[in-house]
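Being a predicted model, the structure only gives us computed values, none of them experimental. Note that the numbering runs from 1 along the sequence shown for the chain.
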Amino acid sequence: MKKYLKIVFNEWMNASRDKRELSIARELGYTIRVLAITKSKKQVFSENIAGFEVLRIPTRKYGYGTLGVLFGRIDAMIQYVKLAYKEQADIISGHDYIGLCVGYLANCFQRKNKRAKLIYDSHEFGLYRTERSFVRFMLVKMIEGFLIKRTDVNMMVSDSIADEVKQIYQLKRRPVVVRNIPSYWELDENKICEIRKKFLLHLNIKENGKIMMYHGGITKIRRVELAIEALKSIDNVGMVILGEARDTEYFEFLKRQISEAKLEDRVYFHQSVDLNELRNYVAAVDFSVIFSEKKLRNLYYSLPNKFFENIQSMTPMITSDIPEMGKLIKKYKIGLLVDDDKPEEIIGAIHRMTEDKALYETFKENLIKAKSDLCWENERNKVVDMIRKLESA
């Protein structure tokens, strides 16, 4: 039986991209296993997540103090390598450069004819994922650069990131681009109407008022405050913020901003919902906003899940004018691009979205084509081809 091993250094709960990848591997005849962490237990244990066997490795075995965390991570790394070695997988897919490092080390202990094919499945622009000191930046670059030239396939999430990675590490082959695209979503009009009515109950806008949405993790880098600030200059538009507050300080800042602007009756916070329900929530609003912190190159080149989720929900967008989102907004004409450092552009875009009926209908019509093109049913072929090439190599 062919074996496919996914290695991640997180708790692997909402890993929609990984699950799509693994579903394809399973369709192609592979037995699937995932290595992931646990912070709640001190022994390795197995559980089933979305039909996949997940081996959980403790990272807090020695407690939560500084030394305890350090020793816990070292111990976890050793356990990861041991388990990856024992698995004797045919293909190992590393979620990031740390996961790839585990796969590489496990291979080093295998006989040459037993070594797994290595996939670097980088979900972000790893080198520029966060701001780092020069020393840490160079260390990550050295590790990633060493590993990335020893993989069988490098997989990135956008064309811009693939091009940059190829140039930075002088790769002979451009990484494969597999975008974070959901499957083609069927929408439930009855549920959409019910959800919209629920939103309207919490928003002080007229029956003909418009609803905009931000959905996703509520963090500073998503610049949700820009949309709230714009509401101060706009009447009869309410905002739904759907998602979990991942940054408590920033969440409190947003609540103060709303209170000071007296917008409590026009901004509604809603907890995150199951991915299977998300489509109808996003479809229940008139348009969405996606702004991005551009100082980090990882975010500047990003093409987030929520972008495609809006497309699958048939929801026009106002987005930051950054390369990847901008390219698709222009190609399909499904929304408006703004320089989000200019408040007047955001306000102007909201006015156009809510007042220009012909333009809005054009966006809705164009979303039909975008929804058909930009779905996992099309994107998945890249993963199928990648795995088949690894098998024949």
Inset, instruction - Mark yes when over 12 heavy atoms from residues, nucleotides or ligands other than Lys327 sit less than 6.0 Å from its NZ; otherwise mark no. - result: yes
Inset, instruction - If a pair satisfies ring-ring contact (aromatic ring centres under 6.0 Å, His included) and one of its residues is in residues 349-384, list it, with sequence neighbours excluded. - result: none
Legend entry - Short N-O contact, Lys232 and Glu229, less than 4.0 angstrom: yes
Inset, instruction - Could you tell me whether the side chain of Thr38 and the main chain of Ser40 form a donor-acceptor pair under 3.5 Å? - result: yes
Inset, instruction - State whether Asp121 and Arg17 are salt-bridged, where the test is any N-O pair (Lys NZ or Arg NE/NH1/NH2 against Asp/Glu carboxylate O) under 4.0 Å. - result: yes
Legend entry - Whether over 12 other heavy atoms sit under 6.0 Å from Lys364 NZ: yes
Inset, instruction - Kindly assign one of parallel, tilted or perpendicular to the pair Phe9 and Tyr80, based on the angle between their ring planes and the thresholds 30° and 60°. - result: parallel
Inset, instruction - Kindly say whether Ile37 contributes a backbone atom to a donor-acceptor pair with the side chain of Arg56 at under 3.5 angstrom? - result: yes
Inset, instruction - Report yes if some heavy atom in the side chain of Met156 is under 4.5 Å from a heavy atom in the side chain of His123; otherwise report no. - result: no
Inset, instruction - Could you tell me whether Asp373 and Lys369 make a salt bridge, using a distance below 4.0 angstrom between a side-chain N and a carboxylate O? - result: yes
Legend entry - Residues forming a salt bridge (charged side-chain N to carboxylate O under 4.0 Å, His left out) with Glu53, sequence neighbours excluded: Arg33
Legend entry - Residues, nucleotides or ligands: over 12 heavy atoms within 6.0 Å of Phe134 CZ: no
Inset, instruction - For atom CZ of Arg352, decide whether the heavy atoms of other residues, nucleotides or ligands shown that lie under 6.0 angstrom number more than 12. - result: no
Inset, instruction - State, with a plain yes or no, whether a side-chain heavy atom of Met325 is found less than 4.5 Å away from one of Ile322. - result: yes
Legend entry - Flag if over 12 foreign heavy atoms under 6.0 Å of CZ, Phe109: no
Inset, instruction - May I ask you to check whether over 12 heavy atoms, not counting those of Arg246, lie within 6.0 Å of atom CZ? - result: no
Inset, instruction - Apply side chain to side chain contact (heavy atoms under 4.5 Å, CB included) to Arg297 and list each qualifying residue two or more places apart in sequence or on a separate chain. - result: Phe125, Tyr128, Glu164, Tyr301
Inset, instruction - Using the six-membered ring of Tyr30, assess whether NZ or CZ of Lys2 lies under 6.0 Å from its centre and within 45 degrees of the ring axis. - result: yes
Legend entry - Any donor-acceptor pair under 3.5 Å from Arg26 side chain to Ile32 backbone: no
Inset, instruction - Taking Asn280 for its side chain and Ile192 for its backbone only, find out whether a donor-acceptor pair lies under 3.5 Å. - result: no
